[in-house]
2 protein chains.
Amino acid sequence: MTAITASEEIVLEQPCPIRDVLDRIGDQWSLLILEALAPGTLRFNALMREIGDISKQMLSRTLKQLEQDGFITRTLYPEVPLRVEYALTPLGHSFLEPMQQLVAWADTHHRTIVAARLQYQASQT
Amino acid sequence: MTAITASEEIVLEQPCPIRDVLDRIGDQWSLLILEALAPGTLRFNALMREIGDISKQMLSRTLKQLEQDGFITRTLYPEVPLRVEYALTPLGHSFLEPMQQLVAWADTHHRTIVAARLQYQASQT
DNA sequence: TCTCAAGGTCTACATTTTAGACCGTATAAA
DNA sequence: TTTATACGGTCTAAAATGTAGACCTTGAGA
């Protein structure tokens, strides 16, 4: 009864648009999910396998938030067994464009960062 | 004694460069700190004021991580009273370039997202 | 003497995330 | 027939993480 998830609290807009958007996106899992959906539609368990180390609860919660914010759609096929498909919306796709830049940056500078970590360690004696 | 902060655990590189980098950056505060330092050098308490709602501990911890990863420098002036200045490194600056794209995206699409949230709420009856 | 500021650390508490059991239906294997 | 699997989740208890705020040392100003 204590657990009121974000869905009911942070619905209205917040003072800073950037924080409003990035707080949601920069939450450890959202990005990974969006990237996983970039090539195409995936089902719940397929997403779990794709991402590898996300818990069911966090996947479920994060998918809800992404759906709520209009990044993805959730389509339920009332077959047996139940089938649920998640896919990027145009908004979700458009978001991935600037993200690709970031991913490219990360890829390019990863070695530099690892080197910095080692150097830092060394400097700490 | 239970608290072993990340500084000692996640030093070596991880399988996926993108996750390695984004896990650190996408942690609620790192981005905000980097953005705050974009215009120029700031001191610890100035950063606190600039960001507004970060705790001292998280600011301290996050600054250490950013320094460790080579995004910022920490310069101690052993004056009285003590002065400590934080500034972006070239790596930190270069990171902000792709970030600007993301920030611009957030700014542009913020209204769409807020609208999606309202519509979602409505659809949930 | 008291208060403030600098740049943090420490502790106790609150929030968030995790692992893993569980649910109901249906298919395939033993 | 019992067991095992898969689907898409939810629920609970425990672990991890984040928070607020007291505290620390040195020195200046009232």
Side-chain angles (χ1 to χ4, degrees), chain A residues 1-10 19 22-33 36-37 41-68 72-87 124, chain B residues 1-10 19 22-33 36-37 41-68 72-87 124:
Chain A
M1 225 39 38
T2 53
I4 292 173
T5 50
S7 42
E8 295 177 294
E9 298 183 75
I10 318 172
R19 289 187 67 163
L22 295 186
D23 279 5
R24 293 289 269 259
I25 287 310
D27 74 342
Q28 191 83 191
W29 297 120
S30 295
L31 279 177
L32 260 15
I33 292 174
L37 289 175
T41 293
L42 281 178
R43 301 171 65 173
F44 188 89
N45 283 330
L47 270 169
M48 290 229 43
R49 283 187 293 269
E50 189 71 20
I51 295 174
D53 55 349
I54 189 173
S55 67
K56 282 165 172 251
Q57 197 171 65
M58 283 313 291
L59 179 55
S60 176
R61 285 226 282 253
T62 310
L63 285 170
K64 259 178 210 154
Q65 288 187 1
L66 291 174
E67 188 196 357
Q68 185 176 190
I72 63 174
T73 55
R74 176 185 190 273
T75 311
L76 171 74
Y77 297 88
E79 304 168 354
V80 135
L82 198 56
R83 182 159 59 102
V84 179
E85 290 191 341
Y86 294 93
Q124 299 305 91
Chain B
M1 224 40 37
T2 54
I4 294 174
T5 50
S7 43
E8 294 177 296
E9 298 183 76
I10 319 173
R19 290 187 65 161
L22 295 186
D23 279 5
R24 294 291 267 261
I25 287 312
D27 73 344
Q28 191 83 190
W29 297 120
S30 295
L31 277 177
L32 260 15
I33 292 174
L37 288 174
T41 293
L42 281 179
R43 300 169 66 173
F44 189 87
N45 283 331
L47 270 169
M48 290 230 45
R49 283 188 293 269
E50 189 71 19
I51 294 174
D53 55 349
I54 189 174
S55 67
K56 280 165 173 252
Q57 196 171 65
M58 283 314 290
L59 179 55
S60 177
R61 285 224 281 251
T62 310
L63 285 170
K64 259 178 209 156
Q65 288 187 1
L66 291 174
E67 187 196 356
Q68 185 177 189
I72 62 174
T73 55
R74 177 185 188 274
T75 312
L76 171 74
Y77 298 88
E79 303 169 354
V80 135
L82 199 56
R83 184 160 58 102
V84 179
E85 289 190 343
Y86 293 94
Q124 299 304 92

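Fair warning: this is a prediction, and the values are worked out from it, not measured in the lab.
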Chemist: How many Å lie between CZ on A:R61 and P on D:dC11, as a whole number?
Modeler: 11 Å
Chemist: Check whether any side-chain heavy atom of A:I33 lies under 4.5 Å from a side-chain heavy atom of A:L37, and answer yes or no.
Modeler: yes
Chemist: Taking only side-chain N and O atoms of A:S60, does any of them lie within less than 4.0 angstrom of OP1 or OP2 on D:dT10?
Modeler: yes
Chemist: Backbone N or O of B:M58 within a donor-acceptor pair of the B:T62 side chain at under 3.5 Å?
Modeler: yes
Chemist: What is the separation between atom CG on A:D53 and atom C1' on C:dA19, rounded to the nearest whole Å?
Modeler: 13 Å
Chemist: Report the distance from atom OH of B:Y77 to atom P of C:dG8, rounded to the nearest whole Å.
Modeler: 13 Å
Chemist: Across the strands shown, which category fits A:Y86 at heavy-atom distances under 4.0 angstrom: base, sugar-phosphate, nothing?
Modeler: sugar-phosphate
Chemist: Tell me: CG of B:L63 to P of C:dT9, nearest whole Å?
Modeler: 10 Å
Chemist: When you get a sec, tell me which of C:dT18, D:dC7, D:dT19 is the closest nucleotide to the side chain of A:W29?
Modeler: C:dT18
Chemist: Could you state the atom-to-atom distance from CD1 of B:I54 to C1' of D:dT19 in whole Å?
Modeler: 11 Å
Chemist: In whole angstrom, what separates A:M58's CE from C:dT18's P?
Modeler: 5 Å
Chemist: Go through it in stages, so that I can follow the logic: the residues are B:L63 and B:L59, the test is side chain to side chain contact (heavy atoms under 4.5 Å, CB included), and I'd like the CA-CA distance, side-chain angles, deciding distance and then a yes or no.
Modeler: CA-CA 6 Å; B:L63 285 170; B:L59 179 55; 3.7 Å; yes
Chemist: Ignoring hydrogens and geometry beyond distance, is the side chain of A:Q57 in donor-acceptor contact with the base of D:dT12 at under 3.5 Å?
Modeler: yes
Chemist: With the side chain of A:L82 defined as its heavy atoms from C-beta on, choose the nearest nucleotide among C:dG8, C:dA6, D:dG8.
Modeler: D:dG8
Chemist: So, is B:R49 close to the C:dG7 phosphate, meaning a side-chain N or O under 4.0 Å from OP1 or OP2?
Modeler: no
Chemist: Closer to the 5' end of DNA chain D via nearest nucleotide, is it B:K56 or A:K64?
Modeler: A:K64
Chemist: Please evaluate residues B:F44 and B:L47 with respect to the criterion side chain to side chain contact (heavy atoms under 4.5 Å, CB included), reporting the C-alpha separation (whole Å), side-chain torsions for both, the decisive distance (0.1 Å), and the verdict.
Modeler: CA-CA 5 Å; B:F44 189 87; B:L47 270 169; 5.9 Å; no
Chemist: Among D:dT10, C:dA6, C:dG8, which nucleotide has an atom closest to any side-chain atom of B:V84?
Modeler: C:dG8
Chemist: On DNA chain C, nearest-nucleotide positions of A:P81 versus A:D27: which is more 5'?
Modeler: A:D27
Chemist: Please determine, for the side chain of B:N45, which listed nucleotide (C:dA6, D:dA20, D:dC7) has the closest atom?
Modeler: C:dA6
Chemist: Sort out for me which residue in B:L31, B:L32, B:I25 forms a side-chain contact (heavy atoms from CB on, under 4.5 Å) with B:W29.
Modeler: B:L32
Chemist: I need the CZ-P distance between B:R43 and C:dA6, as an integer number of Å.
Modeler: 7 Å
Chemist: Using atom CD of A:E79 as one end and atom C1' of D:dA6 as the other, report the distance to the nearest whole Å.
Modeler: 14 Å
